[in-house]
Amino acid sequence: MFPARVLAGAPLALVILALSGCSSHWGCTDTTAERGEAGVRVQVEDTSGQPLGVTAEVVDWRLEPHPQVPSEGDKVHFHYRFDGANPDEGSDPAVDACVVDKERVALGCRTVYSSEAVGPVGGLTGDDWLGVEHPEQVAGVLLIPNDQSSKRRTTCAQDAKDGGGLHPPEPASMGDQL
(Lines give C-alpha, C1' and ligand atoms only; values in the text may rest on other atoms or scores of the structure.)
Protein backbone atom coordinates (compact mmCIF):
# COMPACT_ATOMS: atom_id res chain seq x y z
CA MET A 1 0.00 0.00 0.00
CA PHE A 2 1.10 3.55 -0.65
CA PRO A 3 1.64 5.73 2.36
CA ALA A 4 -0.94 8.49 2.85
CA ARG A 5 1.65 11.20 2.07
CA VAL A 6 2.29 9.79 -1.41
CA LEU A 7 -1.42 9.59 -2.17
CA ALA A 8 -1.98 13.11 -0.84
CA GLY A 9 0.74 14.51 -3.17
CA ALA A 10 -0.60 12.80 -6.32
CA PRO A 11 -3.13 15.53 -7.24
CA LEU A 12 -0.44 18.19 -6.87
CA ALA A 13 1.88 16.24 -9.18
CA LEU A 14 -0.88 16.02 -11.81
CA VAL A 15 -1.49 19.77 -11.62
CA ILE A 16 2.23 20.47 -12.08
CA LEU A 17 2.37 18.14 -15.11
CA ALA A 18 -0.68 19.81 -16.65
CA LEU A 19 0.66 23.32 -16.14
CA SER A 20 4.06 22.41 -17.53
CA GLY A 21 2.51 21.32 -20.81
CA CYS A 22 3.29 17.66 -20.34
CA SER A 23 -0.31 16.57 -20.70
CA SER A 24 -1.45 15.73 -24.21
CA HIS A 25 -2.83 18.86 -25.97
CA TRP A 26 -4.08 20.33 -22.70
CA GLY A 27 -5.58 23.68 -23.61
CA CYS A 28 -3.94 23.72 -27.05
CA THR A 29 -5.98 24.39 -30.19
CA ASP A 30 -5.02 24.88 -33.81
CA THR A 31 -7.13 27.07 -36.06
CA THR A 32 -6.54 27.81 -39.72
CA ALA A 33 -7.64 31.16 -41.12
CA GLU A 34 -10.08 31.14 -43.99
CA ARG A 35 -8.72 31.96 -47.42
CA GLY A 36 -9.70 35.46 -48.51
CA GLU A 37 -11.35 36.36 -51.81
CA ALA A 38 -8.84 36.33 -54.67
CA GLY A 39 -8.66 39.33 -56.97
CA VAL A 40 -6.46 41.40 -59.24
CA ARG A 41 -6.17 43.99 -56.45
CA VAL A 42 -6.43 42.93 -52.79
CA GLN A 43 -5.98 44.40 -49.31
CA VAL A 44 -3.42 42.13 -47.61
CA GLU A 45 -4.83 40.75 -44.36
CA ASP A 46 -3.45 39.00 -41.29
CA THR A 47 -4.64 35.63 -39.97
CA SER A 48 -7.53 37.35 -38.18
CA GLY A 49 -8.75 38.88 -41.45
CA GLN A 50 -7.65 42.39 -40.42
CA PRO A 51 -6.09 44.61 -43.12
CA LEU A 52 -2.35 45.25 -42.80
CA GLY A 53 -2.54 48.60 -44.61
CA VAL A 54 -0.89 47.10 -47.69
CA THR A 55 -2.45 46.66 -51.13
CA ALA A 56 -1.17 44.06 -53.58
CA GLU A 57 -2.07 44.28 -57.26
CA VAL A 58 -1.38 42.45 -60.50
CA VAL A 59 -0.38 45.30 -62.79
CA ASP A 60 -0.28 43.25 -66.01
CA TRP A 61 0.49 39.81 -67.38
CA ARG A 62 1.20 38.15 -70.72
CA LEU A 63 2.16 34.82 -72.22
CA GLU A 64 5.67 34.74 -73.64
CA PRO A 65 8.76 32.53 -73.64
CA HIS A 66 11.08 33.06 -70.68
CA PRO A 67 14.27 34.66 -72.06
CA GLN A 68 16.51 32.16 -70.26
CA VAL A 69 14.62 29.07 -71.46
CA PRO A 70 12.75 30.01 -74.66
CA SER A 71 12.66 26.38 -75.78
CA GLU A 72 10.18 25.62 -72.98
CA GLY A 73 7.50 27.66 -74.75
CA ASP A 74 5.13 30.24 -73.32
CA LYS A 75 5.04 30.99 -69.63
CA VAL A 76 2.98 33.54 -67.74
CA HIS A 77 5.01 36.70 -67.10
CA PHE A 78 3.27 38.97 -64.61
CA HIS A 79 4.05 42.27 -62.90
CA TYR A 80 2.81 43.04 -59.41
CA ARG A 81 2.85 45.97 -57.01
CA PHE A 82 2.75 46.34 -53.22
CA ASP A 83 1.50 49.71 -51.96
CA GLY A 84 2.14 50.46 -48.29
CA ALA A 85 4.81 47.81 -47.65
CA ASN A 86 8.17 48.78 -46.19
CA PRO A 87 10.53 45.79 -45.85
CA ASP A 88 13.16 48.03 -44.20
CA GLU A 89 10.80 48.54 -41.25
CA GLY A 90 9.68 44.93 -40.93
CA SER A 91 6.60 45.24 -43.14
CA ASP A 92 7.26 42.45 -45.65
CA PRO A 93 3.91 40.90 -46.58
CA ALA A 94 3.63 38.10 -49.10
CA VAL A 95 0.62 36.84 -51.04
CA ASP A 96 -0.07 33.88 -53.28
CA ALA A 97 -0.28 34.73 -56.97
CA CYS A 98 -2.21 32.22 -59.07
CA VAL A 99 -2.64 31.85 -62.80
CA VAL A 100 -6.29 30.94 -63.37
CA ASP A 101 -8.56 29.75 -66.17
CA LYS A 102 -11.91 31.32 -67.06
CA GLU A 103 -13.57 29.39 -64.19
CA ARG A 104 -11.03 30.80 -61.70
CA VAL A 105 -9.40 27.39 -61.19
CA ALA A 106 -5.71 27.72 -60.35
CA LEU A 107 -3.39 26.44 -63.06
CA GLY A 108 -0.31 27.27 -61.00
CA CYS A 109 0.60 29.38 -57.97
CA ARG A 110 3.58 30.85 -56.18
CA THR A 111 4.09 33.19 -53.27
CA VAL A 112 5.35 36.68 -54.09
CA TYR A 113 7.05 38.75 -51.38
CA SER A 114 7.13 42.51 -51.17
CA SER A 115 10.84 42.22 -50.32
CA GLU A 116 11.44 40.78 -53.81
CA ALA A 117 9.98 43.93 -55.37
CA VAL A 118 11.91 47.16 -55.95
CA GLY A 119 11.13 50.84 -56.06
CA PRO A 120 10.36 53.64 -53.65
CA VAL A 121 9.04 52.65 -50.22
CA GLY A 122 5.30 52.31 -50.38
CA GLY A 123 5.15 51.50 -54.09
CA LEU A 124 7.24 48.38 -54.64
CA THR A 125 6.96 46.62 -58.01
CA GLY A 126 8.20 43.26 -59.15
CA ASP A 127 7.72 40.62 -61.79
CA ASP A 128 7.69 36.86 -61.85
CA TRP A 129 7.13 33.90 -64.14
CA LEU A 130 4.87 30.89 -63.82
CA GLY A 131 4.89 27.89 -66.12
CA VAL A 132 1.58 26.15 -66.69
CA GLU A 133 0.79 22.90 -68.46
CA HIS A 134 -1.80 24.45 -70.80
CA PRO A 135 -0.97 28.13 -71.51
CA GLU A 136 -3.95 28.39 -73.86
CA GLN A 137 -6.27 28.05 -70.82
CA VAL A 138 -4.84 31.09 -69.00
CA ALA A 139 -7.46 33.79 -68.36
CA GLY A 140 -5.64 35.90 -65.76
CA VAL A 141 -3.53 36.18 -62.63
CA LEU A 142 -5.17 36.63 -59.24
CA LEU A 143 -3.77 37.39 -55.78
CA ILE A 144 -5.02 35.87 -52.54
CA PRO A 145 -5.09 38.48 -49.75
CA ASN A 146 -3.90 36.30 -46.85
CA ASP A 147 -0.41 37.31 -45.70
CA GLN A 148 1.85 34.29 -46.18
CA SER A 149 5.03 35.95 -44.89
CA SER A 150 4.89 34.56 -41.36
CA LYS A 151 6.74 31.36 -40.72
CA ARG A 152 4.42 28.44 -40.27
CA ARG A 153 3.69 28.38 -36.57
CA THR A 154 4.11 25.30 -34.45
CA THR A 155 1.02 23.13 -34.21
CA CYS A 156 -0.37 21.45 -31.10
CA ALA A 157 0.74 18.08 -32.45
CA GLN A 158 4.32 19.38 -32.64
CA ASP A 159 4.35 21.15 -29.27
CA ALA A 160 1.31 20.97 -26.98
CA LYS A 161 2.75 23.55 -24.58
CA ASP A 162 3.84 26.34 -26.94
CA GLY A 163 2.10 25.40 -30.21
CA GLY A 164 -1.34 26.15 -31.49
CA GLY A 165 -3.18 29.31 -32.31
CA LEU A 166 -4.34 30.86 -35.54
CA HIS A 167 -2.39 29.83 -38.64
CA PRO A 168 -2.51 31.30 -42.16
CA PRO A 169 -4.36 29.17 -44.73
CA GLU A 170 -2.31 26.69 -46.70
CA PRO A 171 -0.76 28.26 -49.79
CA ALA A 172 -2.93 27.96 -52.89
CA SER A 173 -2.07 25.24 -55.38
CA MET A 174 -3.01 23.92 -58.79
CA GLY A 175 -6.65 22.90 -58.98
CA ASP A 176 -7.89 25.19 -56.19
CA GLN A 177 -11.11 27.07 -57.01
CA LEU A 178 -10.51 30.76 -56.40
Side-chain angles (χ1 to χ4, degrees), residues 30-155 165-178:
D30 284 310
T31 307
T32 301
E34 288 194 32
R35 183 179 289 165
E37 180 70 26
V40 173
R41 180 179 170 93
V42 297
Q43 293 290 322
V44 183
E45 56 190 49
D46 66 14
T47 53
S48 300
Q50 298 301 309
L52 296 177
V54 175
T55 302
E57 178 180 14
V58 175
V59 178
D60 67 6
W61 68 272
R62 63 186 165 278
L63 287 170
E64 62 185 359
H66 191 290
Q68 294 176 338
V69 282
S71 62
E72 292 182 4
D74 282 345
K75 299 198 181 295
V76 179
H77 184 201
F78 64 98
H79 291 84
Y80 58 90
R81 176 180 176 96
F82 282 94
D83 288 321
N86 188 350
D88 294 335
E89 293 181 7
S91 172
D92 184 22
V95 294
D96 288 337
C98 295
V99 174
V100 296
D101 66 11
K102 64 182 177 182
E103 304 293 325
R104 294 175 58 111
V105 173
L107 303 174
C109 300
R110 68 170 290 124
T111 304
V112 292
Y113 293 82
S114 61
S115 61
E116 295 172 351
V118 296
V121 170
L124 305 172
T125 59
D127 74 307
D128 216 327
W129 296 81
L130 261 167
V132 295
E133 196 170 320
H134 298 285
E136 70 279 1
Q137 294 178 351
V138 174
V141 179
L142 299 177
L143 301 174
I144 300 171
N146 305 88
D147 183 15
Q148 294 289 343
S149 65
S150 66
K151 303 288 185 244
R152 293 276 167 206
R153 292 181 44 186
T154 305
T155 64
L166 191 57
H167 304 280
E170 288 299 316
S173 60
M174 187 176 1
D176 287 357
Q177 177 72 49
L178 305 179

Are any of the side-chain heavy atoms of Val95 and Val112 separated by less than 4.5 Å? yes

I want to check something: taking the side chain as every heavy atom from C-beta on, are Val42 and Ile144 in contact at a cut-off of under 4.5 Å? no

So, Asp147 side chain and Ala94 main chain: donor-acceptor pair closer than 3.5 Å or not? yes

Kindly write out the residues that satisfy side-chain contact (heavy atoms from CB on, under 4.5 Å) with Val99, not counting sequence neighbours, or none if the list is empty. Val76, Leu107, Leu130, Val132, Val138, Val141

Take atom CD in Gln177; do more than 12 heavy atoms of anything else shown fall under 6.0 Å from it? yes

Show every salt bridge (charged side-chain N to carboxylate O under 4.0 Å, His left out) that has at least one partner inside residues 40-54, sequence neighbours left out. Arg41-Glu57

Residue pairs meeting salt bridge (charged side-chain N to carboxylate O under 4.0 Å, His left out), one or both in residues 101-114, sequence neighbours left out, come to Glu37-Arg104, Arg110-Asp128

Contacts of [X] that satisfy side chain to side chain donor-acceptor pair (under 3.5 Å) - sequence neighbours left out:
{"X": "Asp96", "result": "Thr111"}
{"X": "Gln50", "result": "none"}
{"X": "Gln43", "result": "Thr55"}

Any idea which heavy atoms bring [X] and [Y] closest together, and the distance?
{"X": "Leu178", "Y": "Ala38", "value": "CB-CB, 4.0 Å"}
{"X": "Asp127", "Y": "Tyr80", "value": "N-CE2, 3.6 Å"}
{"X": "Cys109", "Y": "Ala172", "value": "CB-O, 3.5 Å"}
{"X": "Val44", "Y": "Pro93", "value": "CG1-CB, 3.9 Å"}
{"X": "Tyr113", "Y": "Phe82", "value": "C-CE1, 3.9 Å"}
{"X": "Ala85", "Y": "Leu124", "value": "O-CD1, 4.0 Å"}

Please name all residues satisfying salt bridge (Lys or Arg N to Asp or Glu O under 4.0 Å) with Asp176, sequence neighbours left out, ordered by chain then number. Arg35

Indicate whether the side chain of Ser149 and that of Asp92 have a donor and an acceptor atom separated by less than 3.5 Å. no

Residues 40-59 vs ring-ring contact (aromatic ring centres under 6.0 Å, His included), sequence neighbours excluded, gives none

Using a 3.5 Å cut-off and no angle test, enumerate the donor-acceptor pairs between side-chain atoms of residues 63-72 and protein atoms at least two apart in sequence or in another chain.
{"unit_1": "Glu64", "atom_1": "OE1", "unit_2": "Arg62", "atom_2": "NE", "d": "3.3"}
{"unit_1": "Glu64", "atom_1": "OE2", "unit_2": "Arg62", "atom_2": "NE", "d": "3.4"}
{"unit_1": "Glu64", "atom_1": "OE2", "unit_2": "His77", "atom_2": "ND1", "d": "2.7"}
{"unit_1": "His66", "atom_1": "ND1", "unit_2": "Gln68", "atom_2": "N", "d": "3.0"}
{"unit_1": "Glu72", "atom_1": "OE1", "unit_2": "Lys75", "atom_2": "NZ", "d": "3.0"}

